[in-house]
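Quick note: numbers below take in every heavy atom, side chains included, and nothing from hydrogens, waters or symmetry partners.
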Amino acid sequence: MENGLSSQGPGTDARPLLRYFTWAFVVTAVGLVLGAFLGWQMTGTAGGMLTIFFICLVLAVLEISLSFDNAIVNANKLKEMTPEWQHRFLTWGIIIAVFGMRIVFPLLIVVIAAKIGPWQAVVLAAARPEEYARIMHDAHLPIAAFGGTFLMMVGLSFFFDHEKDVHWVRWLEARMQKYATIRGIEVAVVLTLILVFSRFLEPVESEVFFKSAIWGLLTFLLVEVLGGLLDSTQETLVAGAKGGLGAFLYLEVLDASFSFDGVIGAFALTQNLFIIAIGLGIGAMYVRSMTIMLVEKGTLAQYRYLEHGAFYAIIALSVIMFLQSFVHIPEVITGLGGAALIGVSLWSSIRWNRKTRAAGA
């Protein structure tokens with residue numbers, strides 16, 4: 001895998017599929033070795049070493065299953081970005097995704113929730129992982145509200161688009177396109193859902209949920225506005241290229257929102273921050289590899305409903321994050337649900353391609 005996209009353009013790269021995952025395989029090998037070493041250091045037994053090894057493997061699979069739709073959405077945005085910013089996203093972005101979201105983000109939550117310093121949070125993660133996991137668990141409500149709102153806006157913005165001309169679930173998507181001319185309709189839908197969900201919570205939890213959800217909505221709107229302002233000032237845009245710093249910021253916030261569920265869910269398997277970072281970091285590498293493959297192979301153009309499946313999966317994930325304010329929903333259900341929607345959309349795309357070829361024959 002290379003850290004940039006081929007200059008040949010989508011659909012023209014002839015590299016074997018496995019070549020895209022070269023660095024992901026390398027990181028997997030290094031990560032699993034580190035996990036086994038950490039297991040030996042922690043337990044001093046072969047059984048303990050194998051247990052930590054297995055947990056790292058499961059966490060990587062969890063991250064991949066939860067983030068496959070993320071790769072599709074990334075590819076959709078990435079194909080519009082300038083080559084320079086594509087390269088930056090695939091290099092700086094992976095550093096931010098692995099180091100920032102899998103290590104710094106959980107530490108920041110503990111710093112804010114426990115009102116302690118960053119170094120104390122690191123010490124707490126290493127010396128008292130049970131207390132660290134408890135604080136992370138208690139912070140789940142505002143995280144779910146914030147991330148769920150942001151992702152819901154991402155999903156609805158795809159369907160409430162008056163220029164959208166390809167419909168998968170036609171009876172629903174055609175209506176959404178029709179009403180897309182109503183200014184701010186997706187914001188109204190999200191605000192309505194926030195009010196509905198908040199009414200079913202206890203007063204204190206309802207206030208936390210509502211405030212966090214509003215911040216998620218504001219973050220999406222600010223990223224959209226800031227992205228437009230930043231991209232409009234770039235000389236490359238004048239030359240006809242699209243996407244730069246604004247698109248980069250959008251993708252990073254989107255990555256963060258996708259990571260919330262995986263980071264919180266990982267504490268159900270282990271309370272050790274460093275094991276979580278290894279497992280989820282491995283998974284993040286595969287997401288980046290899939291993103292590159294989707295862009296260079298032109299997969300989104302070849303399978304016309306694949307994006308639709310990904311955005312339906314995003315909306316489903318956002319609703320699940322809202323529901324987790326009331327009841328725990330296993331991450332395996334979240335991952336399999338998203339994978340199922342994407343799988344059905346892929347199958348529908350293949351059927352459409354066959355019908356088109358048959359009609360043209």
Side-chain angles (χ1 to χ4, degrees), residues 59 62-63 66-67 70 100-116 118 121 124-125 128-156 187 189-223 253-273 276 280 313-335 337-338:
L59 286 172
L62 171 69
E63 178 69 8
L66 289 173
S67 301
N70 189 11
M101 284 309 303
R102 275 73 183 182
I103 299 177
V104 176
F105 167 68
L107 287 173
L108 282 177
I109 290 177
V110 175
V111 167
I112 296 170
K115 296 180 174 63
I116 59 177
L124 186 67
R128 297 166 58 194
E130 298 85 3
E131 178 66 12
Y132 185 91
R134 185 193 66 77
I135 295 173
M136 285 292 296
H137 181 269
D138 290 346
H140 184 266
L141 177 63
I143 292 171
F146 180 95
T149 301
F150 187 91
L151 290 177
M152 192 173 293
M153 283 297 299
V154 170
L156 291 178
V187 176
V189 171
V190 172
L191 282 173
T192 301
L193 288 173
I194 291 171
L195 289 171
V196 170
F197 275 92
S198 63
R199 288 183 64 86
F200 288 96
L201 293 168
E202 297 296 325
V204 175
E205 292 182 337
S206 176
E207 182 179 356
V208 172
F209 178 91
F210 184 80
K211 286 182 178 178
S212 301
I214 293 300
W215 275 111
L217 178 60
L218 285 174
T219 300
F220 176 86
L221 296 175
L222 287 173
V223 169
V253 177
L254 184 63
D255 267 3
S257 300
F258 273 104
S259 300
F260 290 157
D261 205 40
V263 171
I264 298 297
F267 280 92
L269 293 173
T270 178
Q271 297 169 342
N272 189 297
L273 175 66
I276 290 173
L280 298 185
I314 288 173
I315 293 174
L317 175 59
S318 68
V319 173
I320 288 173
M321 292 179 80
F322 275 14
L323 289 174
Q324 285 178 336
S325 304
F326 311 98
V327 61
H328 173 68
I329 300 175
E331 283 68 30
V332 65
I333 294 179
T334 306

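- In plain terms, the two heavy atoms of L141 and E205 that are nearest each other are CD2-O, 3.6 Å.
- Between A213 and I194, the closest heavy-atom pair is CB-CD1, 3.6 Å.
- For R128, the side chain to side chain donor-acceptor pair (under 3.5 Å) criterion is met by no residue, not counting sequence neighbours.
- In this view, F209 and F322 satisfy the ring pair (Phe, Tyr, Trp, His ring centres under 6.0 Å) rule, not counting sequence neighbours.
- For the atom pair CD1 of I143 and CD of Q324, the computed distance is 11.0 Å after rounding to the nearest 0.5 Å.
- Checked against salt bridge (Lys or Arg N to Asp or Glu O under 4.0 Å), E207 has the following partners two or more places apart in sequence or in another chain: K211.
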- Task: Show your reasoning for whether side chain to side chain contact (heavy atoms under 4.5 Å, CB included) applies to T149 and F220.
- Result: CA-CA 9 Å; T149 301; F220 176 86; over 6 Å; no
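- I214 CD1 to F146 CZ: the interatomic distance, rounded to the nearest 0.5 Å, is 12.0 Å.
- Applying the side-chain contact (heavy atoms from CB on, under 4.5 Å) rule to A121 yields the partners L107, V110, V111, I116; only residues at least two apart in sequence or on another chain are considered.
- Here S206 pairs with S198, L201 under the side-chain contact (heavy atoms from CB on, under 4.5 Å) rule; sequence neighbours left out.
- For the atom pair OG of S318 and CE of M153, the computed distance is 11.0 Å after rounding to the nearest 0.5 Å.
- When all heavy atoms of G155 and I314 are compared, the pair lying nearest together is N-CG2, 4.1 Å.
- Under a cut-off of 6.0 angstrom, the local environment of CZ in F326 is crowded, with over 12 non-hydrogen atoms contributed by other residues, nucleotides or ligands.
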- Message: Test side chain to side chain contact (heavy atoms under 4.5 Å, CB included) on I315 and L151; report intermediate values, then the result.
- Response: CA-CA 7 Å; I315 293 174; L151 290 177; over 6 Å; no
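- With sequence neighbours excluded, the residues that form a side-chain contact (heavy atoms from CB on, under 4.5 Å) with L323 are F197, V319, I329.
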